[in-house]
Number of protein chains: 2
Amino acid sequence: MLDDLDRRLLEILIKDSRTSLKELAQQVGLSSPSVAERLRRLEDRGVIRAFTVEIDPQALGYTLQAIVRIRPLPGKLHIVQKLIEEIPEFGECDKVTGDDCFVARLFVRSIGDLDKLLDRIADKAETSTAIIKAQPIRRRPPPLAATAISKP
Amino acid sequence: MLDDLDRRLLEILIKDSRTSLKELAQQVGLSSPSVAERLRRLEDRGVIRAFTVEIDPQALGYTLQAIVRIRPLPGKLHIVQKLIEEIPEFGECDKVTGDDCFVARLFVRSIGDLDKLLDRIADKAETSTAIIKAQPIRRRPPPLAATAISKP
DNA sequence: CGTCATCACCTTATTTAATTAGGCACGACT
DNA sequence: AGTCGTGCCTAATTAAATAAGGTGATGACG
């Protein structure tokens, strides 16, 4: 489903998605048309979801981030979900076990902004907030290779 | 610090970081050398942290994800942090307010794997786990433009 | 008030990379 | 054994990135 060459290509692209086909080709020992074909198929199959850029939130003025647990009140689940999708300050959000809770990331410029945002869902859900103090670890993708614990 | 053209370039690159300079140039109304120069400076300034690919964890066999709150026992903070950095199954991780807690994402193939991973830190921290049931929203970057709530 | 420096952009020429087209080898399946 | 499909190759073509050099606006300073 995903051979060793594919994994090596992904590994390189995670570090720099602008790596040229030529460069990729010689790193894995293929020709560039072959690499192009592999990438096209990885995209088609949905393995590669997107080629994107990682932006520093600080550079955009978002000096604060919060992780918020959102528990919609009975019957309000869809309204809350829609709000999360529409409010641009929400970063990634996952639905988790336990009474249909969401765990989401919020990008804000101040505690004031955070309050204002939470107010918008206050009548539709219970929330509990944890302010992020530092980012010891950047965004990390799932491990590409088998590990001691997680074997395919 | 970041003008309108920069924001438009970032917006395009978030959707597809392989967009050619030529294409970027005509979309924002500049020449390609000018765009190249802007991108170079955005990288230098750290606004663009990386050009990368987003990979579908499912495609790699990670059918399960969990969000784990990790509260290191007294004196164990650094050991725990080191473990999080070293264990590849840990995705992004943030330090949050409240007794130096971490909130981290884990990529696993089964509940069994999850247990094994949590065992590795069980004697160094208290943990509480929420299994992710679905991903209603993909990874989303911070908002590029000013919003009603969050004005620069 | 002029002059000089800097900056961000431009165009053109050159180099480098991506893409297309055509062919070959290998394995599966009939 | 023949044929189909797949994944790769090379070579030729097209397209893009980069390098070099020039222009005009802006702001600092003599």
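Throughout, a chain's letter reflects where its sequence line sits, starting with A, and its residues are numbered from 1.
Within the 4.0 angstrom heavy-atom criterion, base atoms lie near A/S31. Here B/R41 lies in heavy-atom contact (under 4.0 Å) with sugar-phosphate atoms only.
Contact check on A/K133 versus B/D100 returns a salt bridge, with a Lys/Arg side-chain nitrogen under 4.0 Å from an Asp/Glu carboxylate oxygen. Ion pairing of B/E11 with B/R7 is absent here, as no side-chain N (NZ or NE/NH1/NH2) approaches a carboxylate O to less than 4.0 Å. Using a cutoff of 4.0 Å between basic side-chain nitrogens and carboxylate oxygens, B/E92 and B/R105 are scored as salt-bridged. The pair B/R138-A/D94 does not count as a salt bridge, with every side-chain nitrogen at least 4.0 angstrom from each carboxylate oxygen. Salt bridge status for A/R18 with A/E23: absent, with no side-chain N to carboxylate O gap under 4.0 Å. A salt bridge links B/R40 with B/E37: the closest approach of a Lys/Arg side-chain nitrogen to an acidic carboxylate oxygen falls below 4.0 angstrom.
Proximity of residues 1-10 of chain A to DNA chain D (heavy atom under 4.0 angstrom from any strand atom) is not detected for any residue.
Under a cutoff of 6.0 Å and an axis angle of 45°, B/R71 and B/F102 do not form a cation-pi pair. A cation-pi arrangement is absent between A/R140 and B/F90, since the terminal nitrogen or guanidinium carbon is not both under 6.0 Å from the aromatic centre and inside a 45° cone about the axis.
Residue A/R38 contributes atom CZ, which lies 8 Å from atom P of D/dG7 at whole-angstrom precision. Atom CG of B/L39 and atom C1' of D/dT18 are 14 Å apart (whole Å). Between the CG atom of B/L30 and the C1' atom of D/dT18 there is a distance of 17 Å, rounded to whole Å. The CG atom of B/L21 sits 12 Å away from the P atom of D/dA19 (whole-angstrom rounding). In this entry the distance linking CD of B/E37 with P of D/dA20 reads 14 Å, nearest Å.
Between chain B and DNA chain C, the heavy-atom contact criterion of under 4.0 Å yields a 5' to 3' nucleotide range of C/dA8 to C/dT11.
B/Q65 CD to B/I131 CD1: the interatomic distance, rounded to the nearest 0.5 Å, is 10.5 Å.
When each of D/dT18, D/dA11, D/dA16 is scored by its nearest atom to the side-chain atoms of B/K22, the top-ranked nucleotide is D/dA16.
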